[in-house]
Amino acid sequence: QVQLVESGGGLVQAGGSLRLSCAASGRTFSTYVMGWFRQAPGKEREFVAAINRSGGNTYYEDSVRGRFTISRDNAKNTVYLEMNSLKPEDTAVYYCAAKRAITVATASAWYDYWGQGTQVTVSS
């Protein structure tokens, strides 16, 4: 089992940047595919980005591609989400998630462990 703790959320003006971190417990972090999801008030949780176990392949939702970057440091058991050119529509609670199997997935149902979430608010 792995426990995930997100940090780095906050209030930022449109056009600004934030870096989210997700620290994982345990010794098997490198065996998990990692993903970031977000949920805005009144909306379904949606995929944002994912990264394979080695960090060599990344995947993005269309609206964030080119603005967000997912990365991981397996030595530090941490996955990051660098968010640039933020827009008010990026406002949401951001969650990191871990998936046991090898293949990367964009559907939240495939992920086995979740963090508690961190709030990101982008003002216009």
Side-chain angles (χ1 to χ4, degrees):
Q1 187 161 346
V2 62
Q3 293 184 322
L4 305 172
V5 179
E6 302 98 334
S7 61
L11 173 64
V12 63
Q13 289 189 331
S17 299
L18 282 174
R19 188 194 198 200
L20 305 184
S21 298
C22 174
S25 65
R27 303 180 184 176
T28 59
F29 177 74
S30 63
T31 66
Y32 291 92
V33 166
M34 298 300 297
W36 284 97
F37 292 78
R38 65 186 180 187
Q39 188 167 18
K43 295 188 176 181
E44 298 283 322
R45 187 171 298 189
E46 66 174 1
F47 170 76
V48 175
I51 189 166
N52 71 342
R53 298 186 300 177
S54 68
N57 291 303
T58 56
Y59 305 81
Y60 297 95
E61 194 269 331
D62 287 346
S63 69
V64 308
R65 187 176 291 112
R67 299 188 298 122
F68 292 9
T69 302
I70 187 171
S71 62
R72 68 190 296 164
D73 185 335
N74 287 342
K76 295 183 178 180
N77 283 11
T78 303
V79 62
Y80 305 97
L81 186 68
E82 183 77 33
M83 305 186 295
N84 298 314
S85 302
L86 282 161
K87 305 175 181 180
E89 51 264 44
D90 294 318
T91 295
V93 177
Y94 283 71
Y95 299 88
C96 74
K99 177 178 179 291
R100 283 193 294 256
I102 295 173
T103 55
V104 175
T106 60
S108 60
W110 288 104
Y111 286 78
D112 302 289
Y113 303 105
W114 293 83
Q116 83 289 349
T118 185
Q119 176 70 48
V120 171
T121 303
V122 184
S123 63
S124 57

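No hydrogens, no waters, no symmetry mates; every other heavy atom, side chains included, goes into these values. Just so we're clear, the structure is a prediction, and the values are computed from it rather than from any experiment.
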Counting only pairs under 3.5 Å, give me each side-chain donor-acceptor contact of residues 6-13, with atom names and distances, residues two or more places apart or in other chains.
from: Glu6; atom 1: OE1; to: Gln116; atom 2: N; distance (Å): 3.0
from: Glu6; atom 1: OE1; to: Gln116; atom 2: NE2; distance (Å): 3.4
from: Glu6; atom 1: OE1; to: Gly117; atom 2: N; distance (Å): 2.9
from: Glu6; atom 1: OE2; to: Cys96; atom 2: N; distance (Å): 2.8
from: Glu6; atom 1: OE2; to: Gly117; atom 2: N; distance (Å): 3.3

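A distance-only check finds no donor-acceptor pair linking the side chain of Thr78 to the backbone of Ala23 [under 3.5 Å]. Using a distance-only test at 3.5 Å, with no hydrogens or angles considered, no donor-acceptor pair links the side chain of Asn57 to the main chain of Asn52. Panel note: side chain Ser25, backbone Gln3; a donor-acceptor pair is recorded below 3.5 Å.
Among pairs with a residue in residues 100-124, those fulfilling salt bridge (Lys or Arg N to Asp or Glu O under 4.0 Å) read Arg100-Asp112, at least two apart in sequence or across chains. Sorted pairs that involve residues 55-94 and meet disulfide bond (SG atoms under 2.5 Å apart), not counting sequence neighbours, are lacking altogether. Identified under the ring-ring contact (aromatic ring centres under 6.0 Å, His included) test for residues 45-101, with sequence neighbours left out: Phe37-Phe47.
Applying the side chain to side chain contact (heavy atoms under 4.5 Å, CB included) rule to Ala101 yields the partners Lys99; only residues at least two apart in sequence or on another chain are considered. With sequence neighbours left out, Arg67 forms a salt bridge (Lys or Arg N to Asp or Glu O under 4.0 Å) with Asp90.
The shortest heavy-atom contact between Ala14 and Pro88 is CB-CD, 4.1 Å. Closest approach of Val120 to Leu20, counting heavy atoms only: CG2-CD2, 4.0 Å. The two residues Val33 and Tyr111 have their closest heavy-atom pair at CG1-OH, 4.0 Å. The minimum heavy-atom distance linking Val79 with Ser71 is given by the pair CG2-O, 3.1 Å. Closest non-hydrogen pair, Leu4 versus Ala24, comes out as CD2-CB, 3.6 Å.
Taking OG of Ser63 as the reference point, atom NZ of Lys87 lies at 7.5 Å (rounded to 0.5 Å). Within the model, atoms CZ of Arg53 and OG1 of Thr103 stand 9.5 Å from one another, a figure rounded to the nearest 0.5 Å. To the nearest 0.5 Å, atom CD of residue Glu82 and atom CD1 of residue Ile70 are 12.0 Å apart. To the nearest 0.5 Å, the span separating CD on Gln39 from OG on Ser108 amounts to 9.0 Å. Here the CG atom belonging to Leu18 is positioned 8.5 Å from the OG1 atom belonging to Thr118, to the nearest 0.5 angstrom. Glu61 CD to Arg38 CZ: the interatomic distance, rounded to the nearest 0.5 Å, is 6.0 Å.
In the hydrophobic cluster analysis, where Ile, Leu, Val, Met, Phe, Trp and Tyr join through side-chain heavy atoms closer than 4.5 angstrom, Leu86 is grouped together with Val64. Grouping the Ile, Leu, Val, Met, Phe, Trp and Tyr side chains by contacts below 4.5 angstrom, directly or via other members, places Trp114 apart from Met34.
The neighbour count for Trp110 CH2, taken as heavy atoms of other residues, nucleotides or ligands under 6.0 Å away, does not exceed 12.
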